[in-house]
Amino acid sequence: MEYGHWLEEQNRHICDMRRALNAHISDAELHKLVESDMSHYSELFRKKATAAKADVFYVMSGLWKSSAERFLLWIGGFRPSELLKVLD
(Lines give C-alpha, C1' and ligand atoms only; values in the text may rest on other atoms or scores of the structure.)
Protein backbone atom coordinates (compact mmCIF):
# COMPACT_ATOMS: atom_id res chain seq x y z
CA MET A 1 0.00 0.00 0.00
CA GLU A 2 2.82 2.38 0.85
CA TYR A 3 4.54 1.45 -2.41
CA GLY A 4 1.36 2.39 -4.30
CA HIS A 5 1.39 5.79 -2.63
CA TRP A 6 5.06 6.14 -3.44
CA LEU A 7 4.34 5.40 -7.13
CA GLU A 8 1.56 8.01 -7.23
CA GLU A 9 3.92 10.56 -5.74
CA GLN A 10 6.62 9.53 -8.23
CA ASN A 11 4.25 10.13 -11.14
CA ARG A 12 3.55 13.60 -9.75
CA HIS A 13 7.30 14.27 -9.51
CA ILE A 14 7.78 13.15 -13.13
CA CYS A 15 4.99 15.44 -14.34
CA ASP A 16 6.45 18.36 -12.40
CA MET A 17 9.88 17.70 -13.90
CA ARG A 18 8.49 17.56 -17.44
CA ARG A 19 6.58 20.80 -16.94
CA ALA A 20 9.70 22.44 -15.55
CA LEU A 21 11.85 21.34 -18.47
CA ASN A 22 9.29 22.58 -20.99
CA ALA A 23 8.96 25.90 -19.14
CA HIS A 24 12.75 26.46 -19.21
CA ILE A 25 12.99 27.30 -15.51
CA SER A 26 16.14 28.55 -13.84
CA ASP A 27 18.93 26.24 -12.74
CA ALA A 28 18.19 26.91 -9.08
CA GLU A 29 14.56 25.84 -9.45
CA LEU A 30 15.59 22.79 -11.46
CA HIS A 31 18.12 21.89 -8.77
CA LYS A 32 15.36 22.11 -6.17
CA LEU A 33 13.19 19.69 -8.20
CA VAL A 34 16.06 17.23 -8.62
CA GLU A 35 16.82 17.32 -4.90
CA SER A 36 13.14 16.66 -4.20
CA ASP A 37 13.20 13.64 -6.52
CA MET A 38 16.39 12.33 -4.93
CA SER A 39 14.88 12.57 -1.44
CA HIS A 40 11.79 10.79 -2.76
CA TYR A 41 13.95 7.85 -3.89
CA SER A 42 15.81 7.92 -0.56
CA GLU A 43 12.45 7.50 1.14
CA LEU A 44 11.74 4.41 -1.01
CA PHE A 45 15.06 2.83 -0.08
CA ARG A 46 14.46 3.64 3.59
CA LYS A 47 11.05 1.94 3.43
CA LYS A 48 12.53 -1.10 1.67
CA ALA A 49 15.26 -1.36 4.30
CA THR A 50 12.70 -1.20 7.09
CA ALA A 51 10.57 -3.86 5.39
CA ALA A 52 13.63 -6.07 4.81
CA LYS A 53 14.54 -5.87 8.49
CA ALA A 54 11.02 -6.95 9.41
CA ASP A 55 10.64 -9.72 6.78
CA VAL A 56 13.30 -10.16 4.12
CA PHE A 57 11.34 -12.88 2.30
CA TYR A 58 8.42 -10.51 1.77
CA VAL A 59 10.72 -8.02 0.07
CA MET A 60 12.43 -10.69 -2.04
CA SER A 61 9.13 -12.28 -3.14
CA GLY A 62 7.93 -9.08 -4.81
CA LEU A 63 4.40 -9.26 -3.39
CA TRP A 64 4.53 -5.53 -2.64
CA LYS A 65 5.12 -4.67 -6.30
CA SER A 66 2.48 -3.64 -8.81
CA SER A 67 0.90 -6.30 -11.02
CA ALA A 68 3.01 -5.22 -14.02
CA GLU A 69 6.21 -5.47 -11.99
CA ARG A 70 5.18 -8.89 -10.65
CA PHE A 71 4.57 -10.02 -14.24
CA LEU A 72 8.07 -8.96 -15.26
CA LEU A 73 9.47 -10.69 -12.17
CA TRP A 74 7.59 -13.83 -13.21
CA ILE A 75 9.13 -13.69 -16.70
CA GLY A 76 12.64 -13.18 -15.36
CA GLY A 77 12.13 -15.46 -12.42
CA PHE A 78 13.76 -15.33 -9.04
CA ARG A 79 17.00 -17.22 -8.73
CA PRO A 80 18.16 -17.91 -5.18
CA SER A 81 21.70 -18.21 -6.53
CA GLU A 82 21.55 -14.51 -7.38
CA LEU A 83 20.86 -13.78 -3.72
CA LEU A 84 23.96 -15.73 -2.78
CA LYS A 85 26.00 -13.67 -5.26
CA VAL A 86 24.70 -10.46 -3.70
CA LEU A 87 25.57 -11.68 -0.21
CA ASP A 88 29.02 -12.74 -1.38
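The CD atom of Q10 lies 15.5 Å from the NE2 atom of H5; values are rounded to the nearest 0.5 Å. Rounded to the nearest 0.5 angstrom, S36 OG and K32 NZ are separated by 8.5 Å. The CG atom of L30 sits 6.0 Å away from atom CE of M17, with the distance rounded to the nearest 0.5 Å.
When the side-chain hydrogen bond (donor to acceptor under 3.5 Å, both in side chains) test is applied to E29, no partner is found at least two apart in sequence or on another chain. Residues passing the side-chain hydrogen bond (donor to acceptor under 3.5 Å, both in side chains) test with R12 are E9, D16, sequence neighbours excluded. Residues passing the side-chain hydrogen bond (donor to acceptor under 3.5 Å, both in side chains) test with D37, sequence neighbours excluded: H13.
Side-chain N or O atoms of S42 include one that pairs as donor or acceptor with a backbone N or O of M38 at under 3.5 Å. Under a 3.5 Å cut-off, the side chain of H40 and the backbone N or O of W6 do form a donor-acceptor pair.
In the hydrophobic clustering of ILVMFWY residues, with side-chain heavy atoms under 4.5 Å counting as a link, L44 and I14 come out apart. A single hydrophobic cluster is seen to contain both V34 and I25, as judged by linkage of ILVMFWY side chains at heavy-atom distances under 4.5 Å, directly or through other members.
Taking 4.5 Å as the limit, some side-chain heavy atom of C15 sits within range of a side-chain heavy atom of R19.
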